[in-house]
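As the structure lists them, so they are numbered: ligands from 1, and atoms in each ligand from 1. As a basis for the values below, the full set of heavy atoms in this structure was taken, side chains included, without hydrogen atoms, waters or symmetry mates. Keep in mind the model is a prediction, meaning the values are calculated, not measured.
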Amino acid sequence: MIVSVPKEIIPGERRVALVPDMAAKLKKAGLDVIVESGAGAPAGFPDASYTAIGARLTPDGFGPADVVLKVQPPTVEEIGRLREGATLIGFLQPYGNAAGIQALAGRGVTAFAMELMPRITRAQSMDVLSAMSTVAGYKAVLLAANHLPKFFPLLMTAAGTITAARVFIIGAGVAGLQAIGTARRLGAVVEAYDTRPAVKEQVESLGGKFTELGLEARDAEAKTGYARAQSEEFYQQQREVMAKCVAAADAVITTALVPGQRAPTLITEEMVQGMRPGSVILDLAAEQGGNCALTEPGREVVKHGVLISGPLNLASTIPFHASQMYARTVTNYLMHLLKDGEIRLDLEDELTRGPLVTHQGQIVHEAVKAALAPPRQA
Ligand code: NAD
């Protein structure tokens with residue numbers, strides 16, 4: 001069975017779906033690995049690092065492959081180069097990518113969307129969202145520190161004492177917790193808030209202070225560990241009581257998300273006006289519309305003297321380690337699908353069924369199918 005790794009062509013994408021270590025693991029499992037020339041170079045993995053472990057180079061990462069490993073969803077043109085009936089594993093952005101998903105079904109591709117991996121204990125080593133959130137949470141702090149016209153740590157120098165920066169983190173999930181740890185290591189004073197009370201202990205174990213807002217979120221946590229959406233009334237109260245914390249902060253890092261929904265607006269323009277000039281908001285929820293009302297996804301803007309950044313695809317800015325982590329999750333998933341060196345789908349298994357979007361010419365994921373169906377005529 002041939003496993004292939006195409007070069008990513010979306011502008012700004014520097015990750016590669018398979019790194020040499022993981023390619024070696026697949027070779028050991030009896031698979032033939034081919035890598036498109038130059039695919040790993042932007043992440044720091046030259047062609048020679050793949051050939052050294054016995055992978056072959058190819059000018060076309062789609063052509064003859066039985067299994068294609070990707071990071072970004074393939075374009076319709078790329079899908080046209082996939083072998084009919086091939087298997088594809090990667091991010092597919094299934095809910096907003098009707099043309100791509102239909103093209104994959106039309107080509108008879110068995111396509112797995114890594115972002116649909118069930119977040120259950122058994123799938124932890126395949127949890128690509130957590131892996132990429134870890135990268136983004138870390139990088140968000142570095143960007144905030146870089147933009148801030150202040151030090152993060154407390155410094156006692158002959159030229160005077162510098163007080164530590166105050167960082168407020170909204171949303172203490174995977175990215176938020178990584179941001180707390182990173183900001184603490186840089187010496188900032190860190191406070192964090194999350195609607196899920198269960199994270200208080202985790203925040204404290206990283207040296208952050210959990211901000212008690214005196215609000216009670218209803219059914220804050222779903223069985224899956226994710227947040228549940230709250231009422232508009234709740235968000236209104238949250239904004240009111242959080243305004244003081246936002247105003248006191250030098251840097252605010254927002255990561256608050258509710259699966260399948262637009263990110264809640266938690267920082268209004270008025271709250272931005274209440275911040276000191278030179279302060280920074282790093283909005284990691286920008287891809288889902290942003291937690292700050294003034295965020296412009298993909299841009300850095302200065303409003304009321306506050307720099308507001310809404311970066312997209314932050315994981316790609318640490319491409320070496322992001323690729324290493326991505327490749328490990330994808331490799332673990334491919335190994336999960338293999339039986340005796342071949343892909344054998346056990347559709348009773350939720351790890352196999354959960355991320356499966358297209359199979360045998362059909363869109364087989366019910367939620368994706370419903371989301372992509374044309375609206376019914378009244
Ligand atoms: P996420 O990216 O969907 O959300 C980020 C954070 O925003 C969450 O902690 C959420 O509670 C918080 N949030 C939502 N609305 C908020 C609001 N109004 N104010 C403040 N915070 C708000 O979630 P995530 O980081 O991917 O994961 C969240 C949790 O899910 C994890 O901490 C973990 O407990 C669980 N999880 C479990 C597994 C697993 O078992 N394999 C994997 C990943 C995550």
Side-chain angles (χ1 to χ4, degrees), residues 91 95 114-138 140 168-181 190-206 208 210-243 245-246 249 252-268 271 281-293 314-315 325 328-329 332-333 336 350-351 354-355:
F91 282 131
Y95 294 107
M114 285 300 283
E115 57 268 76
L116 297 181
M117 190 66 65
R119 296 182 93 178
I120 53 177
T121 309
R122 202 155 62 87
Q124 261 175 9
S125 67
M126 307 164 204
D127 182 355
V128 76
L129 288 182
S130 287
M132 296 303 106
S133 293
T134 299
V135 182
Y138 165 81
F168 183 48
I169 293 173
I170 306 175
V174 181
L177 290 173
Q178 187 58 231
I180 293 168
V190 182
E191 290 193 36
Y193 174 72
D194 197 297
T195 40
R196 294 182 300 120
V199 301
K200 181 175 191 273
E201 234 173 80
Q202 295 165 27
V203 171
E204 288 169 352
S205 73
L206 289 166
F210 188 80
T211 310
E212 304 282 358
L213 295 182
L215 298 172
E216 209 168 304
R218 284 187 57 192
D219 282 341
E221 185 163 327
K223 270 202 205 106
T224 48
Y226 284 117
R228 282 221 176 84
Q230 300 297 312
S231 64
E232 188 41 45
E233 208 181 326
F234 176 91
Y235 291 133
Q236 177 60 30
Q237 279 181 356
Q238 182 180 355
R239 288 188 288 264
E240 278 167 22
V241 285
M242 241 171 34
C245 313
V246 170
V252 179
I253 296 174
T254 64
T255 74
L257 292 176
V258 176
Q261 304 204 9
R262 190 207 176 280
T265 304
L266 302 174
I267 302 181
T268 59
M271 289 162 81
I281 296 174
L282 219 297
D283 192 347
L284 275 192
E287 272 172 58
Q288 274 76 36
N291 288 139
C292 174
L314 263 193
M325 294 166 93
R328 186 172 287 271
T329 61
N332 286 339
Y333 191 57
H336 169 78
E350 69 171 316
L351 280 195

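- Summary of contacts: the protein heavy atom closest to atom 21 (N) of ligand 1 is Gly171 CA, 3.5 Å.
- At a 4.0 Å cut-off, not a single heavy atom of Ala123 sits close enough to ligand 1 to count as contact.
- Taking CG from Asp127 and CE from Met114, the interatomic distance works out to 8.5 Å, rounded to the nearest 0.5 Å.
- Atoms CE and CG, from Met117 and Leu129 in turn, are 9.0 Å apart once rounded to the nearest 0.5 Å.
- In this structure, CD in Gln230 is found 9.5 Å from CG in Leu215, a value given to the nearest 0.5 Å.
- Of all protein heavy atoms, the one closest to atom 5 (C) of ligand 1 is Thr255 O, 3.2 Å.
- Residue contacts with ligand 1: Tyr235 is included, with a non-hydrogen atom under 4.0 Å away.
- Annotation: side chain of Leu266 is in contact with side chain of Tyr235 (closest heavy-atom distance under 4.5 Å).
- For ligand 1, one of its N or O atoms has an N or O atom of Leu257 under 3.5 Å away.
- Annotation for ligand 1: atoms under 4.0 Å from non-hydrogen atoms of Ala227 are 10 (C), 11 (O), 14 (C).
- Taking 4.0 Å as the cut-off, Ser130 counts as a neighbour of ligand 1 on heavy-atom distance.
- Remark: the backbone N or O of Ala285 is not paired with any side-chain donor or acceptor of Asn291 at under 3.5 angstrom.
- Of the listed residues (Ile169, Thr255, Leu206), just one forms a side-chain contact (heavy atoms from CB on, under 4.5 Å) with Leu177, and that residue is Leu206.
- A 4.5 Å side-chain heavy-atom check between Tyr226 and Leu257 finds every atom pair outside the cut-off.
- Heavy atoms of Leu129 stay at 4.0 angstrom or farther from ligand 1.
- Taking atom 17 (C) of ligand 1 as the reference point, the nearest protein heavy-atom neighbour is Thr195 CG2, 3.6 Å.
- In this structure, the protein non-hydrogen atom closest to atom 39 (C) of ligand 1 is Arg119 O, 3.4 Å.
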